[in-house]
Amino acid sequence: MTITNAIFVDQQKDYERFHRDVTALPAFVRSGGVTAIGESAFSVWINPESNPIIAAARYGKGRVVAVGNELYFNLLETEQSECGLLVRNILLWLTERGTGADGGAADSLYQDALDGKGALKLATTSDTLAAGASFPVELVKVDRWSSFTLDPKEYPVAYVDASIDDADVPVLEAYIQQGGSVVVAQRGWLLCSPPAEAFQSRAHDRAVRLGDYPLQKLLNLVGLCLLDSVAQWYVRPGDTLPEQTFEQVKATHTLQLFDQAMAIERGEFSFDDLNVGKPGASVEDKVRVITAIVEGTIRSLSEESPLLKVIQDEAKKAKPMPMPFDKAKQPYTAAVLSYMFQQVTLDPDNVKSPYVDVFPRSVGEQAKPVYDQVVEIDFGYLDLSYMRMLSAPLNWRSTGLYAAAGKVVTVDVPEGTEYLDVQIGVHTDNLCDTPKWDRAPIVALRQRLKPGTNRINSPYGGLIYLIPAKPKAGAKVNVTIHGAVRAPYFVLGQTTEQEWNETIRHYPVPWAELQSNRIIVTVPADNIRELDRPEQLMRKWDEIADHYDRLVGVAPDRPFPHRSPDNPQRFVADIQISAGWMHSGYPIMFFEGVTAQEAVDVDVIQKNAWGFWHELGHNYQQIPWFWDPIIEVTVNLHSIHIQSLYGNRSRLFETGKDGKTYYDRALEFTNSDYTNKNFEDVGFFERLVMIKQLQMAFGWKFYTDLHIAYRELPLDQVSMDEEDDEPQKVDLFVFMTSKVSGRNLLEFFDRWGLHFSEQARAAVEALGLPQPETEIWNAMEAS
C-alpha cells in the first residue's frame, strides 16, 4: 500500500496550487470528510483533529476534486473571500493545460476566462448550483449524464452530485479518463442519514451505506472517498481551519496510514512518529485521528474498491481478540475487526459469537424455548415532530422474549404487512470509533421482515423488539414468534407482582425489562432478582415522566400540538457506552453496576438521580432554543424541577473549593460591569441560575407557557437545526421569554452577558412591555 516519495513530490506541487493566497478557511459546522485512497490522490485541506475535508486526484488525463461541504465550492462567493480564492484555485487546477517548465502550473482554461477570453463552461445536473458575477463560469444544465455527449474539449469541468445513477458512472469515468475534470461538493454523512420526511414520520429504515451510492463508486474509482462521519461538529462564528503544511496534509493519506498502522503493530513505528493531529497531539488524539480516517474510509468504501477487497481478505484471516481491546496497540487489526463487526447481520446461518460471554452474556442452559408466542403490533403511532423536542421516544415494541446467541428464531408475519422491522438487542450504541472496546462494538442488529416466515439468528443474542417503521392509522397485525426464550419482563397494569416474584424475575436470561406507561428500564437481570415491588417502582417512574410532561405543557387528552408522546422513553444499562457517564437519546444509556441498581431503586430515582433526570431532560429540550452554550444548562430545568418537587435541596447551593455556591458566583457575575461580558464566562451551573431566576420571577408556569408558545410558532419562524443557527435561536429566545413573561427582559439578559442582535432588541422594545418589578438578576431561592 506504500506511496512512493516521487508521487509525494508531484502532489506537493499540486497542493501548493490549491493553497495559493489562501491562509485559512472558515470552519463550517458538520462538514464531511473526504479521504485520499489512491496513489494519485492527495489531501488538500484537513481538520487536524479529525480528517481531511478536501481531497483531489489525477485520473487518466483528467482530474477530480472532492469537497466535504458545499460551502467550500460556492460560486456565489466574493472573489477575494477565503472560499472565493479556494474556488478560483480549484478551477485553475482542474483546467490546467500541462505543467510549466519549472514544474509549476502551466496555463489554465479558467485563467483564460479570468483574462476575459470567454466564460468557462461547467456542465451539471444540479438544480441548486448557481454562479455569481465573481466567477466567469457558464453553467450548462444537463438532464442526465448517460444521455449527454460529455466532451472534455467543450465542457472542461463537470459538477457532479449524489443524484447520479449506476448508468452515469462509466460515462463520467470515461470523461475523466479522456481529460475532463470533475468537482464534487457533498457531505457524505448526509447521504447516510434518512431524509427529513422520514425523520418526521419516524419511518426511516437503517442508514444507507455510503458505498452503495453511485457517486461513491465513481470517487472510489479515481482514488477518493467520501466519509460517513462529521469532520467538524461544533463551530463558533469566526472559527477557521488553521494554516497547514504539506507534511501535515500528506500524513493523512489513507494508504500511508494503513502502512503505518501495520508498522506500529510490528513494533517498527510508534504513535510519536505519526504526524497527525494538532501540534503536540497526545497518543489518544492520534488514535482518534487515525481511527476517523482509516476505519471511516473502510466502512464507506464501495464493493468495487480494490482497497475494500484487501480488507475483506484480511478479515477472512482475522482471529477473535480478547476484550477489553486497546486499539492503540493494534490499530491495523482494529480497523479490520471494525469492518468485520459492521458486516454482521441476522443471517440464519450465524453461529454464537466468541464475544457473547463478555457481553451481552449468555442465556442459561435451563431456559426453555417458547413457540407460538403472538405479539400484537399497532402501526397507529403518532408523528411526534410537533413536539420539537431533541429526542422524541421511538416505537420499539418490547416482546418480553430473548433470542439466544447463535440460535434461530422464527418470526411469522401476516401477508400484506409492510414496513415492519425486527431488532435483536437493545444496546444500539456503536462503539467502533472509540479508542478501546470493552465489548464487541456492535451487538444490536436490525432488519426488515417480509410477509411469511422469517428465520433470523443473532450471533450475540438479545431482547427481541418489533418495530413498525411507517405509521398507518388503525393498522394492527399479530406476529408469531417461535424459538425464543422468556425474559424477565414486567408491564405495569398487566403483570401481577405474584407472577413476577414467583416466576418471571427468575427466568435465566441475562437482561430484564420493566415497563410503565411512560418509561421502560432495561438492566442486567441480576439487578432485579431481589426486586419485590416492581409496581411501586414503575408507578414512580411514571410519576416522574408525568412531571416532565406537565412542565412542557403536554398531556394525552390535549389537542395537537400539545399531545403528550404515545411511546415510552427508554433507559438502558450497558457495559460501555458511546459518550460520557450517561447519554441522552433513544434509548438513554448508562453504565451497569451502581447506576443500574439505582435505576430500579424507588428511593434513589426520586431523591438522588440527577443523572437520570438530566438525560431525560436532554430528550425534552426544544430544538428552537437549543444552542451550544445553553445545551448543558436548560437541560437541568427539569432536574431542578424534580429536585424541588420531591423536597430535595437545590444543587445551586453546593459549595465549591472557593467556599462559594453557584448562586454566589452567578450573582457576582450579573452585578459585574466589565466590558464584553459573555454568558459563557461562567460555568454551566452558574448559567443555570439564570434559568432558575426566570422561574422565581414568573413561576413554573412561565416555562410551561414558553414550551407551548414555541410549539405554536409557525415552522418557518423556528430553526430545527440542532447544531446551527445560534444567533437566530438566541434572538428568538430573548424575544419569546419577554413576550411570554409580559416583561421587557433586555436588561436581565444584558446582565447575564447573553449576546443578541440589535434587531432582537428592537423587536422586544416594540412589544411595549414594562420592566420587571424587581432586579431579577439578583434573585436567589431560600436555602
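Between Phe733 and Trp627, the distance from one ring center to the other falls under 6.0 angstrom.
Considering only residues two or more places apart in sequence or on other chains, Thr661 meets the side chain to side chain contact (heavy atoms under 4.5 Å, CB included) condition with Thr655, Tyr663, Asp664. In terms of the side chain to side chain contact (heavy atoms under 4.5 Å, CB included) criterion, residue partners of Asn517 (sequence neighbours excluded) are, by chain and number, Asp542. By the salt bridge (Lys or Arg N to Asp or Glu O under 4.0 Å) test, Asp557 pairs with no residue at all, sequence neighbours left out. Contacts of Gln693 classified as side chain to side chain donor-acceptor pair (under 3.5 Å), with partners at least two apart in sequence or in another chain: Trp752. For Phe590, the ring pair (Phe, Tyr, Trp, His ring centres under 6.0 Å) partners are Phe612, not counting sequence neighbours. Every residue was checked against the salt bridge (Lys or Arg N to Asp or Glu O under 4.0 Å) condition with Lys607, not counting sequence neighbours, and none meets it. Taking the side chain to side chain donor-acceptor pair (under 3.5 Å) definition, one finds that Gln695 meets it with Lys692, sequence neighbours left out. Contacts of Asn671 classified as side chain to side chain donor-acceptor pair (under 3.5 Å), with partners at least two apart in sequence or in another chain: Asn778. The salt bridge (Lys or Arg N to Asp or Glu O under 4.0 Å) search around Glu654 returns Arg651, not counting sequence neighbours. Every residue two or more places apart in sequence or in another chain that forms a side chain to side chain contact (heavy atoms under 4.5 Å, CB included) with Glu668 is listed here: Lys660. In this structure Lys677 satisfies the salt bridge (Lys or Arg N to Asp or Glu O under 4.0 Å) test with no other residue, sequence neighbours excluded.
Between the side chain of Ser738 and the backbone N or O of Val734, at least one donor-acceptor pair lies under 3.5 Å. Arg388 places no side-chain N or O within donor-acceptor distance of the main-chain N or O of Val718, the cut-off being under 3.5 Å. Within the 3.5 Å criterion, the main-chain N or O of His755 finds no donor-acceptor partner in the side chain of Asn678. The main-chain N or O of Pro770 is never found under 3.5 Å from a side-chain atom of Arg743 such that the two would form a donor-acceptor pair. Tyr381 contributes a side-chain N or O that, together with a main-chain N or O of Lys470, makes up a donor-acceptor pair within less than 3.5 Å. Counting only distance, with no hydrogens or angles, the side chain of Arg558 and the backbone of Gly553 share a donor-acceptor pair below 3.5 Å. A donor-acceptor pair under 3.5 Å is absent between the side-chain atoms of Tyr72 and the main chain of Ile53, judged by distance alone.
No salt bridge links Glu726 with Lys729; every basic N to acidic carboxylate O contact stays at or beyond 4.0 Å. Using a cutoff of 4.0 Å between basic side-chain nitrogens and carboxylate oxygens, Arg761 and Glu765 are not scored as salt-bridged. Salt-bridge formation is not detected for the pair Glu284/Arg288: no Lys NZ or Arg NE/NH1/NH2 atom is positioned less than 4.0 Å from an Asp or Glu carboxylate oxygen. Electrostatic pairing of Asp546 and Arg518 counts as a salt bridge here, judged by a charged N lying under 4.0 Å from a carboxylate O.
Taking both residues in full, the closest heavy atoms of Pro772 and Asn744 are given as CD-O, 3.3 Å, listed atom of the first, atom of the second, then distance. Closest heavy-atom contact between Gly585 and Gln569: O-OE1, 4.4 Å. Scanning all heavy atoms of the two residues, the minimum distance from Leu384 to Pro393 falls at CD1-O, 3.7 Å. In terms of heavy atoms, Glu513 sits closest to Arg570 at OE2-NH1, 3.4 Å.
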| From CA spacing to verdict: side chain to side chain contact (heavy atoms under 4.5 Å, CB included), Tyr548, Ile642 | CA-CA 8 Å; Tyr548 280 69; Ile642 295 295; 3.7 Å; yes
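Between Tyr386 and Phe560, the ring planes are perpendicular. Angles over 60° get that label, and only those under 30° would be called parallel. In this pair, His614 and His618 present their aromatic rings perpendicular. The plane angle is above 60°, beyond the 30 to 60° band.
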Mind listing the side-chain donor-acceptor pairs of residues 595-603 below 3.5 Å, one per line with the distance, residues two or more places apart or on another chain?
from, atom 1, to, atom 2, distance (Å)
Gln597, OE1, Asn527, ND2, 2.8
Asp601, OD1, Asp603, N, 3.0
Asp601, OD1, Val604, N, 3.3

